[in-house]
Amino acid sequence: MRLTVKTLFPALALGGTLLVTANPNSQEPPIITPGNQPGEPPSDAIVLFDGKDFSKWESIKGGPIKWEVTNGAMTVNRTGNIRTKETFGDVQLHIEWATPRKIEGEGQGRGNSGVYLQGRYEIQVLDSYNNKTYPNGQAGAFYGNNPPLVNASKKPGEWQTYDIIFIAPKLTKDGTDVIPGSFTVFHNGVLIQNHIPISGKKTTAAAFSGAAAKGPLVLQDHSNPVRYRNIWIRPL
Ligand code: MG
């Protein structure tokens, strides 16, 4: 039989119309301008670090940060964790990082840093290129919880990307329980965390429990000179 609109949709042959379920109450999505290149911030992103300006950041203890800024990147330098001044709930985050070109240490001691959503839930930064460690502690792991689906690591010294969709755990209305959140993470464009639950329950790797409405983005100083650049975030 020849496939035509009328054979595929007999209702049309009877003079009927296709039902299209448009919701008249749905709102028109806001118009934004996407970046020209992959990784460029869209027009509605909050640019947290553009290579020059530290104004959105402070030391984890408050006060100015002491990480170095050179050639458009910030470098961990054993002066402690840093955090954003602004706090966030659910977000899309883009962040670029590079572990030291010069290979030093092994396992957790090589190119270790970390991206903590709400200052609590760490996506591990590590040189995991030919560097074995426990799976839920390697690059791209939801640290202490879930290993990445694959190891998409580039070589030491090369720039890498994380694109993270973070849904925060939330307290139930009566405040007695936690509705799990989730991590979805792309490492260098490859899906490595696929909607992994964040329980908000205390684990051996986390000194917290419960849920927070908002928290800062924290970058970890684990003593290794890891670099960061091009950091932007979109509250969801
Ligand atoms: Mg770490």
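Everything numeric in this text was worked out from a predicted model, so none of it was measured. Counting begins at 1 with the first residue of the sequence.
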Enquirer: How long is the span from the OG1 atom in T99 to the CZ atom in R101, to the nearest 0.5 Å?
Expert: 9.5 Å
Enquirer: When you look at CD of E106, are more than 12 heavy atoms from neighbouring residues, nucleotides or ligands closer to it than 6.0 Å?
Expert: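 Open.
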Enquirer: Output the distance between atom CD1 (I32) and atom CG (D44), rounded to the nearest 0.5 Å.
Expert: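 Reported value, rounded in 0.5 Å steps: 4.0 Å.
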Enquirer: Is there a donor-acceptor contact under 3.5 Å from the side chain of T87 to the main chain of G215?
Expert: no
Enquirer: Check the orientation of F183 and Y121. Use parallel for under 30°, tilted for 30 to 60°, and perpendicular for over 60°.
Expert: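 It falls in the perpendicular class, over 60°.
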Enquirer: Taking the six-membered ring where the residue is Trp, are the ring centres of Y162 and F186 under 6.0 Å apart?
Expert: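 No, ring centres 6.0 Å or more apart.
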Enquirer: Going from CG on L191 to OG1 on T184, what distance comes out if it is rounded to the nearest 0.5 angstrom?
Expert: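 Separation between the atoms: 7.0 Å.
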Enquirer: Give a yes/no verdict on a cation-pi contact between R83 and W57, requiring under 6.0 Å between NZ or CZ and the six-membered ring centre and an angle within 45° of the axis.
Expert: no
Enquirer: Under 3.5 Å, side chain of D53 to main-chain N/O of K56, donor-acceptor pair present?
Expert: no
Enquirer: So, S113 versus Q220: side-chain donor-acceptor pair below 3.5 Å or not?
Expert: no
Enquirer: Do I167 and L217 belong together in a cluster built from hydrophobic side chains that touch within less than 4.5 Å?
Expert: no
Enquirer: Out of curiosity, does V185 fall in the hydrophobic cluster containing F88 (side-chain heavy atoms, cut-off under 4.5 Å, transitive links)?
Expert: yes
Enquirer: Distance from N145 atom CG to I196 atom CD1, nearest 0.5 Å?
Expert: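 N145 atom CG to I196 atom CD1 measures 10.0 Å (nearest 0.5 Å).
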Enquirer: Is the backbone of G107 close enough, under 3.5 Å, to the side chain of N131 for a donor and an acceptor to pair up by distance?
Expert: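 Yes, the answer is positive, given that a donor and an acceptor are paired below the 3.5 Å cut-off.
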Enquirer: Just by distance, no angles: are the side chains of Q138 and Q108 close enough, under 3.5 Å, to form a donor-acceptor pair?
Expert: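 Absent: no donor and acceptor within the cut-off.
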Enquirer: Could you tell me whether the side chain of T172 and the main chain of D177 form a donor-acceptor pair under 3.5 Å?
Expert: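 Judged by distance alone, yes, a pair lies under 3.5 Å.
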Enquirer: Quick one: list whatever passes ring-ring contact (aromatic ring centres under 6.0 Å, His included) with Y129, sequence neighbours left out.
Expert: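 For Y129, no residue satisfies ring-ring contact (aromatic ring centres under 6.0 Å, His included) once neighbours in sequence are set aside.
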Enquirer: With a sphere of 6.0 Å drawn around CD1 of I31, does it hold more than 12 non-hydrogen atoms of other residues, nucleotides or ligands?
Expert: no
Enquirer: State yes or no: do V190 and I123 share one hydrophobic cluster built from I, L, V, M, F, W and Y residues joined by side-chain heavy-atom distances below 4.5 Å, directly or via other members?
Expert: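 Shared cluster, yes.
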Enquirer: Between L219 and V91, is there shared hydrophobic-cluster membership here, with clusters defined by ILVMFWY side-chain heavy atoms closer than 4.5 Å?
Expert: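 L219 clusters together with V91.
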Enquirer: Do E58 and K85 sit within salt-bridge range, that is, some charged N less than 4.0 Å from a carboxylate O?
Expert: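 No salt bridge links E58 with K85.
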Enquirer: List the atom pairs, with distances to 0.1 Å, where a side-chain N or O of residues 59-74 and a protein N or O form a donor-acceptor pair under 3.5 Å, not counting sequence neighbours.
Expert:
residue	atom	partner	partner atom	Å
S59	OG	K61	N	3.0
S59	OG	G62	O	3.4
W67	NE1	G80	O	2.8

Enquirer: Could you tell me whether K170 and D90 make a salt bridge, using a distance below 4.0 angstrom between a side-chain N and a carboxylate O?
Expert: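 The answer is yes: the pair qualifies as a salt bridge.
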Enquirer: Please check if any side-chain donor atom of N77 sits under 3.5 Å from a side-chain acceptor atom of T79, or the reverse.
Expert: yes
Enquirer: Are E96 and N230 close enough that a side-chain donor and a side-chain acceptor fall under 3.5 Å?
Expert: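 Note: E96 and N230 side chains meet the donor-acceptor criterion.
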Enquirer: Please check if F54 and Y228 belong to a single hydrophobic cluster, counting links between Ile, Leu, Val, Met, Phe, Trp and Tyr side chain heavy atoms closer than 4.5 Å.
Expert: yes
Enquirer: Do side-chain atoms of Q124 reach the backbone of G114 as a donor and acceptor pair under 3.5 angstrom?
Expert: no
Enquirer: State whether R78 and D221 are salt-bridged, where the test is any N-O pair (Lys NZ or Arg NE/NH1/NH2 against Asp/Glu carboxylate O) under 4.0 Å.
Expert: no
